[in-house]
Student: 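Input: one structure, supplied below.
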There are 2 protein chains.
Amino acid sequence: MTIKEAAEKTGVSVDNLRFYVKIGLIPAAPRTSSGIRNFDEATLSWVEFVLRFKRSGMPLETIRRYVELALQGDSTKQERKELLLAAKEDLLKKQEQIQESLDVINYKLDTYEQKCGPITAEMVAAWKAKQPSE
Amino acid sequence: MTIKEAAEKTGVSVDNLRFYVKIGLIPAAPRTSSGIRNFDEATLSWVEFVLRFKRSGMPLETIRRYVELALQGDSTKQERKELLLAAKEDLLKKQEQIQESLDVINYKLDTYEQKCGPITAEMVAAWKAKQPSE
DNA sequence: ATAAACCCTGAAGTTAACTCCAAGTCAAGA
DNA sequence: TCTTGACTTGGAGTTAACTTCAGGGTTTAT
């Protein structure tokens with residue numbers, strides 16, 4: 001499979017796929033005798049695996065490190081486990097913070113049904129009181 | 001309150017506070033006669049409000065736009081509501097994607113108790129089969 | 001009244017993650 | 001065979017969100 005087809009299948013741009021290979025986020029795909037990348041199923045699986053973590057906001061460097069360790073085999077099991085535990089903590093914290101924002105947004109949307117949201121309204125009022133004009 | 005005290009209270013660096021004011025993420029704090037910023041409670045409230053959204057990964061430009069609209073008063077109610085609805089969709093999607101990654105991580109952590117995670121193990125095996133050495 | 005610590009601005013530098021470009025090689029159809 | 005389109009690389013450019021710097025003014029404590 002050419003890099004273009006791989007790009008269509010994964011939804012990642014051609015340039016970006018090459019970039020990911022370059023930084024080691026995806027293992028280097030095999031090449032034809034003339035040097036053209038030939039994406040196989042194994043490499044595509046890596047792309048999908050990597051994308052799932054990327055979508056959750058994990059830094060590429062963290063994912064890259066995990067891929068590097070995984071390719072090194074069983075001896076890196078412990079280190080991978082620690083990396084996953086740290087990543088899990090990050091994601092749980094992120095989830096909480098998103099929930100906090102959702103709570104605020106839902107509250108505001110509720111109150112917008114009646115009038116300007118009271119919390120912001122109060123802040124705007126306090127702000128305006130300090131301003132000479134407007 | 002000096003900018004340094006505001007920085008300590010909010011956990012945002014002095015430079016970053018000035019940066020946020022500059023890009024309009026926070027309304028400009030009042031100044032003393034000699035031009036030194038004098039952070040008041042109203043401005044601090046804005047900082048806290050903005051930080052909550054920032055922590056959830058919302059782009060600063062989106063938050064900046066919301067602040068701009070809020071300062072313009074009731075006439076922008078509708079536009080703010082639409083902005084909040086869009087932001088809510090983003091956050092819900094992000095939450096789902098984080099959950100997907102958490103599921104994968106939890107599954108891997110479970111299986112790591114016994115041996116190398118089967119999904120990755122399979123991918124590594126497929127990968128190694130293509131490689132001449134190692 | 002002077003040194004230390006703090007404040008200001010505008011601009012340049014940094015990092016992550018792309019995104020595009022130039023110049024050249026390779027492959028498939030008329 | 002010649003064009004057209006896809007592939008290659010290295011490197012430059014972009015955007016978001018900081019971060020640091022240069023050069024100067026202000027406040028405070030001794």
Side-chain angles (χ1 to χ4, degrees), chain A residues 1-40 43-44 46-47 49-68 87 90-91 94 97 101, chain B residues 1-40 43-44 46-47 49-68 87 90-91 94 97 101:
Chain A
M1 187 186 317
T2 70
I3 195 170
K4 197 191 181 194
E5 289 162 336
E8 279 156 11
K9 275 210 178 182
T10 58
V12 178
S13 78
V14 168
D15 275 327
N16 216 359
L17 271 181
R18 275 197 282 253
F19 170 69
Y20 285 165
V21 171
K22 186 150 90 186
I23 66 174
L25 195 67
I26 314 166
R31 307 279 186 129
T32 66
S33 52
S34 58
I36 287 173
R37 290 185 187 83
N38 185 16
F39 279 75
D40 55 2
T43 306
L44 272 198
W46 275 112
V47 175
F49 177 76
V50 158
L51 285 181
R52 181 164 305 118
F53 285 133
K54 187 182 124 50
R55 265 181 249 121
S56 73
M58 202 178 291
L60 300 195
E61 173 55 25
T62 306
I63 310 176
R64 192 204 60 71
R65 178 69 180 144
Y66 183 86
V67 170
E68 181 181 46
D90 280 0
L91 292 181
K94 207 173 280 187
Q97 289 167 340
S101 286
Chain B
M1 187 187 317
T2 70
I3 196 169
K4 197 192 181 192
E5 289 163 337
E8 278 155 12
K9 274 210 178 181
T10 59
V12 178
S13 78
V14 168
D15 279 324
N16 216 0
L17 272 181
R18 275 197 283 252
F19 170 69
Y20 286 164
V21 171
K22 186 149 90 187
I23 66 174
L25 195 67
I26 313 166
R31 306 278 186 128
T32 66
S33 53
S34 58
I36 286 175
R37 290 185 187 82
N38 185 16
F39 279 75
D40 55 0
T43 307
L44 272 197
W46 276 111
V47 176
F49 177 75
V50 157
L51 285 182
R52 183 166 302 117
F53 285 134
K54 187 182 123 52
R55 266 181 246 121
S56 73
M58 203 179 291
L60 299 195
E61 173 53 25
T62 306
I63 310 175
R64 191 204 60 72
R65 177 70 180 143
Y66 184 86
V67 170
E68 181 180 45
D90 280 0
L91 291 182
K94 207 173 279 189
Q97 289 166 340
S101 286

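Chain letters run A, B, ... following the sequence lines, proteins first, then strands; residues in each count from 1. What you are looking at is a predicted structure, and each value in this text was computed from that prediction instead of being measured.
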Student: Nearest whole Å is fine: how far is C:dG10 C1' from B:K22 NZ?
Tutor: 6 Å

Student: Check every nucleotide of DNA chain D for an atom under 4.0 Å from a heavy-atom of chain A, then give the first and the last such nucleotide from 5' to 3'.
Tutor: D:dA6 to D:dT9

Student: Is A:R64 touching bases, backbone alone, or none of the nucleic acid, heavy atoms closer than 4.0 Å?
Tutor: nothing

Student: Might you point out which heavy atoms bring A:Q97 and B:S56 nearest each other, and give the distance in Å?
Tutor: O-CB, 3.7 Å

Student: To the nearest Å, how far apart are B:N38 CG and C:dC8 P?
Tutor: 10 Å

Student: Need to verify one output field. Residue with the more 5' nearest nucleotide on DNA chain C, A:L25 or A:S33?
Tutor: A:L25

Student: Looking for any heavy atom pair under 4.0 Å, which part of the strands does A:I3 touch: base, sugar-phosphate only, or nothing?
Tutor: sugar-phosphate

Student: So A:T2, base contact, sugar-phosphate only, or nothing? Heavy-atom distance under 4.0 Å.
Tutor: sugar-phosphate

Student: In whole Å, what is the span from the CZ atom of A:F53 to the C1' atom of C:dA17?
Tutor: 19 Å

Student: Roughly how far apart are B:T10 OG1 and B:L17 CG, rounded to 0.5 Å?
Tutor: 4.5 Å

Student: With sequence neighbours excluded, what pairs up with A:E61 under the side-chain hydrogen bond (donor to acceptor under 3.5 Å, both in side chains) test?
Tutor: A:R64

Student: Within residues 8-20 of chain B, which residues have any heavy atom lying less than 4.0 Å from an atom of DNA chain D?
Tutor: B:D15, B:N16, B:F19, B:Y20

Student: Main chain of B:R52, side chain of A:S101: is a donor-acceptor contact present, judged purely on distance under 3.5 Å?
Tutor: yes

Student: What is the minimum heavy-atom distance between B:L25 and B:V67, and which atoms define it?
Tutor: O-CG2, 3.6 Å

Student: Just how far, in rounded Å, is C1' of C:dC8 from NZ of B:K4?
Tutor: 16 Å

Student: Distance check, rounded to the nearest 0.5 Å: B:I26 atom CD1 versus B:F39 atom CZ?
Tutor: 6.0 Å

Student: Measure from the side-chain N and O atoms of A:N38 to the backbone N and O of A:M1, and report whether any donor-acceptor pair falls under 3.5 Å.
Tutor: yes

Student: Would you give the length of the straight line joining atom CZ of B:F19 to atom CG of B:N16, rounded to the nearest 0.5 angstrom?
Tutor: 6.5 Å

Student: If every non-hydrogen atom of B:A6 is compared with every non-hydrogen atom of B:L44, which pair is closest and at what distance?
Tutor: CB-CD2, 4.1 Å

Student: On DNA chain D, compare the nucleotides closest to B:S34 and B:M58; which residue's is nearer the 5' end?
Tutor: B:M58

